[in-house]
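Below you'll find the structure, written out as structure tokens, and then a few comments.
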Amino acid sequence: MPERGDPMATDDQEATGTEREKTFDHLSIEKKWQDWWLAHGTFRADDASPKPKFYVLDMFPYPSGAGLHVGHPEGYTATDIVSRYKWMCGFEVLHPMGWDAFGLPAEQYALQTGIHPEITTRRNIDNFRRQIRALGLGYDWDREVATCDPDYYRWTQWIFVKLFERGLAYQADMTVNWCPGLGTVLADEEVTAEGTSERGGFPVERRPMRQWMLRITAYAERLLADLDGLDWPESIKDMQRNWIGRSEGAEVDFEVEGLPGERLRIFTTRPDTLFGVTYMVLSPEHPLVDRITTPERAADVRSYVDAARRKTDVERSDATKEKTGVATGGFAVNPVNGQKVPIWVADYVLISYGTGAIMAVPAHDTRDFEFATRHGIPIVEVVSPDGRPRGPLPEAWVGEGIAINSGSYDGMRTADFKAAITRDLAARGIGEAKVNWRLRDWVFSRQRYWGEPFPLVHKADGTVVAIPEDELPLTLPRVESYKPAGTGESPLANIPEWVEYRDRATNDMIGRRETHTMPQWAGSCWYYLRYVDPRNDRAPVDGVKERRWMPVDLYVGGAEHAVLHLLYARFWHKFLYDIGVVSTTEPFRKLVNQGLILGEDGVKMSKSRGNVVNPDDVVARFGADSMRTYEMFMGPLEVVKPWSTQGIVGVRRFLERVWRLFQGEVTDEPAPIALRRALHKTIRKVTQDIERMRFNTGIAQMMTLVNEAYKEEKRHREVLTGLVLCLSPFAPHLGEELWERLGHEPPVCRAQWPSFDPALVAEDEVKVVFQVNGKLRGDVTVPVDTPDDELKALALAHENVVRHIEGKPVRKVIVLRNRLVNVVV
RNA sequence: GCGAGAGUGGCGGAAUGGGUAGACGCGUCAGAUUUAGAUUCUGACGGCUCUAAUAGGCCACUGUGGGUUCGACUCCCACCUCUCGCACCA
């Protein structure tokens with residue numbers, strides 16, 4: 001790629017003389033205005049400003065070693081356009097940027113090179129900041145935060161302590177993927193389908209290990225209910241609803257034969273199918289498995305349970321595989337009809353949902369049907385769409401209908417039956433209505449180095465206490481080696497002087513510090529609050545400032561965070577609301593997801609495919625303004641779309657045309673009416689399109705205006721002024737430069753947004769089209785609001801219309817004022 | 001399997017409280033300018049047809065097949081394809 005200037009011309013097209021510049025030198029213009037904005041603090045948000053606030057937020061990036069890719073500037077440009085527009089409309093805009101700086105890649109790199117993650121992270125942040133500035137993005141850099149900064153994570157730890165104090169953080173033994181070969185715990189994505197580690201190919205086993213958990217389930221109801229009031233894409237809200245997974249049903253107790261007093265409790269959403277139960281299933285981890293199993297079945301059951309334990313989550317949750325299971329030899333008694341049904345153990349039942357045991361109704365559940373068919377278990381039909389039995393079923397009927405084979409309940413509709421039997425079971429003390437959630441508590445610890453340390457101490461007596469608030473932040477110690485300890489603990493466990501927690505006065509040993517660290521999600525759960533008050537050393541955020549800026553008015557980022565980050569952040573926000581730190585129940589009022597930018601070949605950009613476009617190269621060759629405007633012109637923001645180098649050439653060409661329009665003499669004469677109309681339509685369109693975030697059509701309208709302007713001999717000041725104001729949020733460097741050259745005081749991004757004259761936008765003449773039987777047969781240009789009967793007369797007199805209706809009787813004439821006349825024959 | 005969304009020229013995409021389909025840009029071709037190339041400017045780019053030419057006319061067309069309507073890219077039904085998310089949650 002060429003290193004400088006003019007991306008179109010090949011050589012010798014030197015710009016000479018300020019009046020005759022045929023092209024603009026983006027490198028010098030960009031540097032000039034980026035320095036200017038920085039020197040003037042243009043994008044600093046004033047907490048005390050009397051103007052109404054507008055808070056625009058980007059999902060902050062993980063500063064990877066690879067630097068920015070072209071996907072980042074897409075969302076950032078969109079928010080930058082909105083920010084500049086809102087400033088121009090008179091808002092005080094908060095538009096900050098920061099770094100999601102803890103995380104695995106830096107630690108992995110440290111493992112390979114021995115360079116401390118802090119050093120590489122700082123280096124990467126500097127590079128990201130440079131790249132973001134080079135795009136002319138207007139951020140308030142005074143509010144920059146990094147989650148790995150002790151002044152920041154002090155408050156992440158503080159929030160954790162509050163969660164801990166209120167019983168929302170607890171320890172539990174969770175089954176995890178443990179890889180002895182690597183000496184570490186692995187995430188599900190790091191384990192292959194064969195049950196080996198992706199790196200190294202070592203065997204991975206399932207092992208229960210102590211983990212810190214956050215009780216997000218305590219907020220399930222509110223997290224679900226409050227989605228309704230959010231201006232978010234419906235698809236994202238649906239994904240969160242599915243993830244939370246509220247499910248209404250009943251828990252029912254079954255007696256176990258031979259174990260008097262013991263009850264097997266199950267959860268079902270279909271208590272109306274109780275008469276169709278033909279077997280029961282326990283999950284392999286269910287505590288009753290051993291006691292229910294008969295001696296002659298013990299060997300089979302034990303080997304099945306052992307095999308299930310060895311499987312990874314990925315293997316066990318593969319719904320397409322055949323359903324396995326073994327009979328325990330034990331029986332349960334159906335409480336509605338006293339029937340004995342066999343109890344099986346099968347790994348298609350999960351210990352982590354409901355009670356870890358189910359009643360199986362093969363006639364009306366696809367999974368039970370599949371299992372029963374495979375193991376020769378009877379199938380009893382108890383629901384029918386029309387109340388008549390249908391004989392042997394080819395597959396499970398999971399719909400609702402009318403009860404059959406259900407004793408005195410026969411003939412009831414599903415919904416009524418559910419209510420009735422739940423009530424009857426409750427009256428007998430063997431059941432109750434129950435709501436279950438798919439959402440699980442959040443595994444909040446990682447056995448890693450590069451994350452926030454837990455501010456907790458395990459005392460000798462087994463209790464766990466938080467360290468005093470004045471000892472925060474609890475900083476990460478420097479380590480020699482980043483290798484995991486090999487015991488499933490983090491590298492921190494290898495540093496005795498850090499782990500041993502002693503009384504500050506007496507030096508007596510009090511206990512041992514927690515050596516796990518927090519997951520990467522922790523820091524991103526509340527960063528949007530810290531921007532509001534980034535240097536506060538007494539609280540995570542000051543209450544007055546919080547009420548000044550929150551909630552976030554517009555949040556833009558990738559859809560890959562649809563569930564995890566956005567759900568975790570909502571959870572923490574609600575908790576902070578409960579303890580009085582924030583004043584709103586939801587953090588993000590409006591959410592927009594930008595679509596992925598694919599490579600020029602139409603597939604996802606990746607190093608291995610060699611289709612990655614580097615923003616540095618694009619900015620150097622075409623300029624930041626071209627890059628920004630092109631990314632917005634590619635198509636709707638939310639849509640996935642391929643990069644096109646030809647496309648950016650076209651946008652650069654447009655900006656050159658704008659540039660040349662400003663060369664030479666500018667007249668103060670009023671523009672011809674047609675051009676003035678075009679200008680006002682453009683102002684209207686661009687204003688609406690920024691509000692709707694449909695930037696592509698706004699840019700198209702500006703292109704149309706420029707094409708119109710070129711048809712005139714003269715350059716009219718009013719047109720140039722309006723154009724540069726509209727264009728400036730998209731191409732801010734060019735905007736500032738042209739604004740200054742028009743003789744205005746910079747910066748253009750604080751000028752007033754132009755308004756349009758409704759009288760000029762309204763047409764005084766319209767083209768009305770004539771149809772015969774819906775087919776276009778002619779048109780006429782008439783003054784607006786020409787009366788219907790006049791239009792009808794014109795249509796019926798039109799030569800071509802007459803030709804098409806001749807000989808046929810006119811049945812009906814439909815007249816739509818200012819639009820069309822349709823003659824039906 | 002379940003849930004959500006999308007199918008429009010050679011390409012990216014416009015237009016949906018039903019009313020001129022293809023704005024704007026890319027690309028291709030031709031012409032003007034230029035020593036030449038690049039840049040810039042003008043025009044053409046579904047098929048057929050009329051005319052000396054201009055203007056004009058006819059037909060087809062928004063994934064497929066039906067339906068509603070004077071009129072459907074837009075609404076309804078069925079199907080096909082693609083993308084994304086979840087994936088044994090009882």
Side-chain angles (χ1 to χ4, degrees), chain A residues 6 8-13 22-23 233-239 241-243 245 247 249 266-270 273 281 283 316-321 323 346-350 352-361 364-368 370-371 398 436-440 559-560 562-563 593 595-596 602 630 633-636 638-651 653-654 656-657 660 694 696-704 706-707 710 767-779 799-800 803-804 811-814 816 818-825:
Chain A
D6 189 352
M8 311 298 200
T10 45
D11 55 346
D12 77 5
Q13 197 65 196
K22 285 189 175 152
T23 182
E234 263 324 297
S235 60
I236 301 289
K237 292 206 264 184
D238 270 341
M239 282 164 67
R241 288 188 188 108
N242 291 338
W243 189 266
S247 151
I266 57 92
F267 172 74
T268 178
T269 54
R270 293 297 297 271
T273 60
V281 185
S283 123
R316 270 193 62 171
S317 64
D318 181 5
T320 58
K321 73 167 196 309
K323 291 188 176 24
D347 68 1
Y348 79 89
V349 171
L350 310 176
S352 51
Y353 186 78
T355 62
I358 62 159
M359 63 180 214
V361 186
H364 305 292
D365 181 283
T366 48
R367 296 150 303 179
D368 299 344
E370 192 187 322
F371 189 84
V398 297
N436 251 316
W437 304 88
R438 237 181 75 110
L439 183 69
R440 308 290 153 83
E560 66 273 20
V563 178
N593 293 120
L596 206 62
Y630 170 61
F633 186 61
M634 291 169 81
E638 311 81 20
V639 166
V640 178
K641 44 210 174 290
W643 181 267
S644 158
T645 299
Q646 280 308 325
I648 194 172
V649 168
V651 169
R653 207 174 282 159
F654 162 64
E656 299 276 14
R657 274 167 73 75
R660 276 182 279 114
R694 296 300 298 269
N696 54 331
T697 47
I699 294 166
Q701 180 60 41
M702 288 189 274
M703 288 173 169
T704 306
V706 169
N707 292 344
Y710 264 105
K767 185 156 95 175
V768 171
V769 301
F770 299 148
Q771 298 179 339
V772 177
N773 286 345
K775 286 202 159 118
L776 183 68
R777 296 301 178 203
D779 60 61
E799 180 192 359
N800 202 36
R803 187 158 59 225
H804 282 90
R811 282 182 201 280
K812 193 153 91 173
V813 178
I814 291 150
L816 232 89
N818 298 333
R819 304 222 70 146
L820 62 75
V821 179
N822 188 14
V823 182
V824 185
V825 295

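Since the structure is predicted, the reported quantities are computational estimates derived from the model, not experimental observations. Here is the naming used below: chain letters follow the sequence lines, and residue numbers restart at 1 for every chain.
Listed pair N707(A) / G25(B) meets the phosphate criterion, a side-chain N or O lying under 4.0 Å from OP1 or OP2. A close approach under 4.0 Å does not occur between any side-chain nitrogen or oxygen of R777(A) and OP1 or OP2 of G57(B). The phosphate of G85(B) (OP1 or OP2) has no side-chain N or O of S235(A) nearer than 4.0 angstrom. In this model, the phosphate group of C58(B) is approached by a side-chain N or O of H804(A) to a distance below 4.0 Å at OP1 or OP2. OP1 or OP2 of A14(B) sits under 4.0 Å from a side-chain N or O of R694(A).
Checking C24(B), G57(B), G3(B) against every side-chain atom of M703(A), the shortest atom distance belongs to C24(B). Relative to the side chain of V769(A), the nucleotides U20(B), G19(B), G12(B) differ in distance, and U20(B) lies closest. Taking only side-chain atoms of V824(A), from C-beta outward, the nucleotide of G85(B), C70(B), A90(B) with the closest atom is C70(B). Taking only side-chain atoms of K323(A), from C-beta outward, the nucleotide of C88(B), C26(B), G13(B) with the closest atom is C88(B). Listed candidates were C70(B), C86(B), U40(B). Nearest to the side chain of R438(A) is C86(B). Here the side chain of A700(A) is nearest to one of A23(B), A90(B), G85(B), namely A23(B). Of the listed nucleotides (G12(B), A60(B), C88(B)), G12(B) has the atom at the smallest distance from the side chain of F633(A). The side chain of Q646(A) approaches C26(B) more closely than any other nucleotide in the set A90(B), C26(B), G71(B). The side chain of N800(A) lies closest to G57(B), out of G57(B), G13(B), U20(B). Comparing C24(B), G19(B), A14(B) by their nearest atom to the side chain of T697(A) picks out A14(B).
Each of D238(A) and T269(A) was assigned the nucleotide of RNA chain B with the nearest heavy atom; the assignment lying further toward the 5' end belongs to D238(A). Each of E234(A) and V823(A) was matched to the nucleotide of RNA chain B holding its nearest heavy atom; the match closer to the 5' end belongs to E234(A).
Remark: RNA chain B forms stems of 3 or more consecutive Watson-Crick or G-U wobble pairs, all pair distances under 3.5 Å, at B:1-7 with B:80-86, B:10-12 with B:24-26, B:27-32 with B:40-45, B:46-49 with B:56-59, B:63-67 with B:75-79.
With rounding to whole Å, Y630(A) atom OH is found 9 Å from C26(B) atom C1'. Rounded to whole Å, the distance from CD on E656(A) to P on G25(B) is 15 Å. Atoms CG (N242(A)) and C1' (C2(B)) sit 9 Å apart, rounded to a whole Å. Here U69(B) presents its C1' atom at 14 Å from CG of L820(A), a figure rounded to the nearest Å. For the pair R653(A) CZ and G27(B) P, the computed distance is 5 Å after rounding to whole Å. Between E560(A) atom CD and G85(B) atom C1' the separation is 12 Å, expressed in whole Å. Atom OH in Y348(A) sits roughly 8 Å away from atom C1' in A90(B) (whole-Å rounding). Here the P atom of nucleotide C26(B) and the CG atom of N696(A) are 15 Å apart, to the nearest Å.
The residue R803(A) sits close only to the backbone: its heavy atoms come under 4.0 Å of sugar-phosphate atoms, none of a base. The residue R819(A) sits close only to the backbone: its heavy atoms come under 4.0 Å of sugar-phosphate atoms, none of a base. Among the atoms of the strands shown, none is found under 4.0 Å from any heavy atom of D779(A). Residue contacts shown for V349(A) include a base, since a base heavy atom lies under 4.0 Å away.
For the pair P233(A) and E638(A), the minimum side-chain heavy-atom distance is 4.5 Å or more. When side chains are defined from C-beta on, D368(A) counts as touching Y348(A), because their heavy atoms get closer than 4.5 Å. Here the side chains of N696(A) and R694(A) are in contact, with some heavy-atom distance below 4.5 Å. Side-chain contact between V813(A) and V824(A) is absent, with no heavy-atom pair separated by less than 4.5 Å.
By the neighbour-count criterion of 12 heavy atoms within 6.0 Å, atom CZ of R819(A) is sparsely surrounded, having that number or fewer from other residues, nucleotides or ligands.
Side chain Q771(A) to base G19(B): a donor-acceptor pair is found below 3.5 Å.
In terms of heavy-atom proximity, N800(A) sits nearest to R777(A) at ND2-O, 2.8 Å. Closest non-hydrogen pair, R270(A) versus M359(A), comes out as O-CE, 3.6 Å.
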Using the side-chain hydrogen bond (donor to acceptor under 3.5 Å, both in side chains) rule, take R438(A) and N242(A) through it: C-alpha gap first, then chi angles, then the decisive distance, then the call.
CA-CA 8 Å; R438(A) 237 181 75 110; N242(A) 291 338; over 6 Å; no

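Using a 90° window around 0 for the glycosidic torsion, G31(B) falls outside it and is classed as anti.
Under 4.0 Å is where a charged nitrogen must lie from a carboxylate oxygen, and between E656(A) and R653(A) no such pair does.
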